[in-house]
> 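The structure under discussion is supplied below as structure tokens; questions concerning it will follow.
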Amino acid sequence: MATAMNRVDLDGRPIRPITICMIGAGGFIGSHLCEKLLMETPHTILALDVYNDKIKHLLKTESLSWNDRIQFHRLNIKNDSRLEGLIKMADLTINLAAICTPADYNTRPLDTIYSNFIDSLPVVKYCTENNKRLIHFSTCEVYGKTIGSFLPKDSPLRQDPAYYILKEDASPCIFGPIEKQRWSYACAKQLIERLIYAEGAENGLEFTIVRPFNWIGPRMDFIPGIDGPSEGVPRVLACFSNALLRREPLKLVDGGQSQRSFIYIKDAIEAVLLMIENPARANGHIFNVGNPYNEVTVRQLAEMMTEVYANVSGEPALEVPTVDVSSKEFYGEGYDDSDKRVPDMTIINRQLGWNPKTSLWDLLESTLTYQHRTYAEAVKKAIARPSSS
Ligand SMILES: NC(=O)c1ccc[n+]([C@@H]2O[C@H](COP(=O)([O-])OP(=O)(O)OC[C@H]3O[C@@H](n4cnc5c(N)ncnc54)[C@H](O)[C@@H]3O)[C@@H](O)[C@H]2O)c1
Ligand SMILES: O=c1ccn([C@@H]2O[C@H](COP(=O)(O)OP(=O)(O)O[C@H]3OC[C@](O)(CO)[C@H]3O)[C@@H](O)[C@H]2O)c(=O)[nH]1
């Protein structure tokens with residue numbers, strides 16, 4: 001049980017309990033951050049979201065010792081006059097709210113741009129006007145494509161880190177043409193980053209910007225037809241989990257050649273807690289938060305997930321575990337992709353002394369154990385039900 005007494009920051013100063021206004025607290029990252037704050041710190045959370053299914057276990061249970069330290073407010077930040085009052089009541093605002101599944105970027109570009117730029121404007125404005133600190137969640141997608149992706153396929157320079165490592169203060173943001181609407185999300189996130197940075201420079205806003213690099217773990221997204229729409233397309237972890245649960249081949253978009261560095265959600269949350277509790281070290285910075293040692297192609301991810309799932313479920317792997325599918329067929333017109341994402345860790349190391357710990361194999365083991373325990377029975381029942389059509 002955390003007490004206010006014995007916790008100190010990275011400079012040895014006692015950490016005083018604060019109130020945090022967490023927007024998007026009911027989502028994947030929000031649910032893990034709420035758990036961490038309630039179980040290991042004395043801080044209080046005003047949890048704002050339109051949904052609370054993923055934090056239900058933390059709410060309204062009289063017997064829980066943190067009962068008085070979390071309040072859920074069901075609201076949509078697009079149109080709710082309570083927002084400014086809640087930001088004023090808190091010492092710190094953390095903004096996680098967003099449409100952030102790639103299947104939406106090219107098919108719902110207006111909703112994506114409004115969600116990631118327009119809807120964040122009042123949050124930034126209220127923080128500036130009320131002198132409140134802001135931690136804003138951006139994305140690694142603001143880097144877009146690597147410089148190396150424009151070199152000839154056989155160029156040895158592609159192996160040179162100077163052509164692919166993504167640095168907060170040096171790398172350019174390289175997006176595709178406007179008709180590739182995939183980039184609507186990255187572009188909206190980039191513009192809100194620039195606005196927050198400008199508020200800091202011109203009006204003294206105390207801010208931190210987080211660029212998550214593919215955080216994955218339990219409670220990420222949904223399993224289509226079980227706790228989300230049957231036709232919905234979540235991010236890759238849930239897409240592949242869904243296929244494994246249904247014993248269907250995992251779909252590799254455009255051959256699964258894109259590369260990603262995956263980080264375990266629990267490692268990443270440690271970094272966010274350091275930002276929350278060390279404002280003097282975090283304010284004014286943009287932080288990559290990822291695990292450069294867990295880089296794989298999407299094809300390798302599919303192979304590893306197939307092997308790990310067979311171990312944790314006790315079911316044999318499919319004989320043909322993957323199938324290729326074109327991005328047009330899978331995501332529709334206007335899809336494009338980031339080729340490779342390896343975070344530079346210099347700034348977060350220097351400011352917060354943080355490093356990720358969990359290997360890709362270990363994080364998949366614990367995550368797929370959770371997926372199997374949570375969904376296997378429900379998926380079996382859904383498959384057994386005769387379809388209505
Ligand atoms: N998970 C990752 O690896 C990752 C990577 C890059 C960036 N991010 C960023 O981190 C943030 C959180 O991501 P996540 O993975 O937890 O996504 P998520 O979809 O699980 O969580 C977002 C939450 O925001 C809520 N929300 C959206 N619009 C809202 C509104 N108008 N009013 C109130 N609540 C609203 C949603 O209901 C949801 O619970 C996002 O800003 C996302 O862009 C995440
Ligand atoms: O069934 C599938 C689903 C996806 N892919 C490919 O996997 C790559 C990763 O896809 P995904 O995790 O869905 O998303 P991205 O990494 O492209 O983008 C996210 O990164 C961070 C964030 O900002 C928020 O989470 C979001 O934009 C990709 O190459 C897909 O094509 C697949 O092959 N099969």
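Please read all numbers here as calculations on a predicted model, not as lab measurements. Just so you know, ligand 1 is whichever comes first in the structure, and atom 1 is the first atom listed for that ligand.
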> Looking at non-hydrogen atoms alone, which of Arg182, Arg260, Arg341 comes nearest to atom 20 (O) of ligand 2?
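It is Arg341 that holds the nearest heavy atom.
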
> Please confirm whether Arg211 comes under 4.0 Å of ligand 1, counting heavy atoms of the residue only.
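It does not, in that no heavy atom of Arg211 comes within the 4.0 Å cut-off of ligand 1.
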
> Which of the numbered atoms in ligand 2 are below 4.0 angstrom from a heavy atom of Leu252?
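Counting atoms of ligand 2 from 1, those under 4.0 Å from Leu252 are 33 (O).
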
> For atom 43 (O) of ligand 1, which of the options Phe28, Phe222, Tyr114, Tyr185 provides the nearest non-hydrogen atom?
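Closest candidate by heavy-atom distance is Tyr185.
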
> Show the atoms of ligand 1 that are less than 4.0 angstrom away from any heavy atom in Tyr51.
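Taking each heavy atom of Tyr51 in turn, ligand 1 has 37 (O) under 4.0 Å.
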
> Considering only heavy atoms, which of Leu83, Ile23, Leu96 lies nearest to atom 12 (C) of ligand 1?
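Of the listed residues, Leu96 has the closest heavy atom.
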
> Which of the numbered atoms in ligand 2 are under 4.0 angstrom from any heavy atom belonging to Thr139?
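Heavy-atom distances to Thr139 below 4.0 Å select 21 (C), 22 (C), 23 (O).
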
> Mind checking whether Gly256 has a heavy atom under 4.0 Å from ligand 2?
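No heavy atom of Gly256 comes that close to ligand 2.
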
> I'd like the name of whichever of Leu75, Leu48, Val142 reaches closest to atom 33 (C) of ligand 1 through any heavy atom.
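Answer by nearest heavy atom: Leu75.
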
> Using heavy atoms and a threshold below 4.0 Å, how should the contact between Val253 and ligand 2 be classified: side chain, backbone, both, or neither?
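Within the 4.0 Å criterion, Val253 contacts ligand 2 through backbone and side-chain atoms alike.
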
> Measuring from the heavy atoms of Arg235, does anything fall under 4.0 Å of ligand 1?
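In this structure, Arg235 qualifies as a contact of ligand 1 - some heavy atom is under 4.0 Å.
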
> Donor-acceptor pair, distance only, cut-off 3.5 Å: does the side chain of Asn203 make one with the backbone of Leu205?
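Pair absent, no side-chain N/O of Asn203 close to backbone of Leu205.
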
> Between ligand 1 and Ala25, can you find any atom pair, the residue atom being a heavy atom, that is separated by under 4.0 Å?
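Not so, Ala25 does not reach ligand 1.
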
> Is the contact between Asp254 and ligand 2 made by the side chain, the backbone, both, or neither, using heavy atoms and a 4.0 Å cut-off?
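Under 4.0 Å from ligand 2, Asp254 contributes no heavy atoms.
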
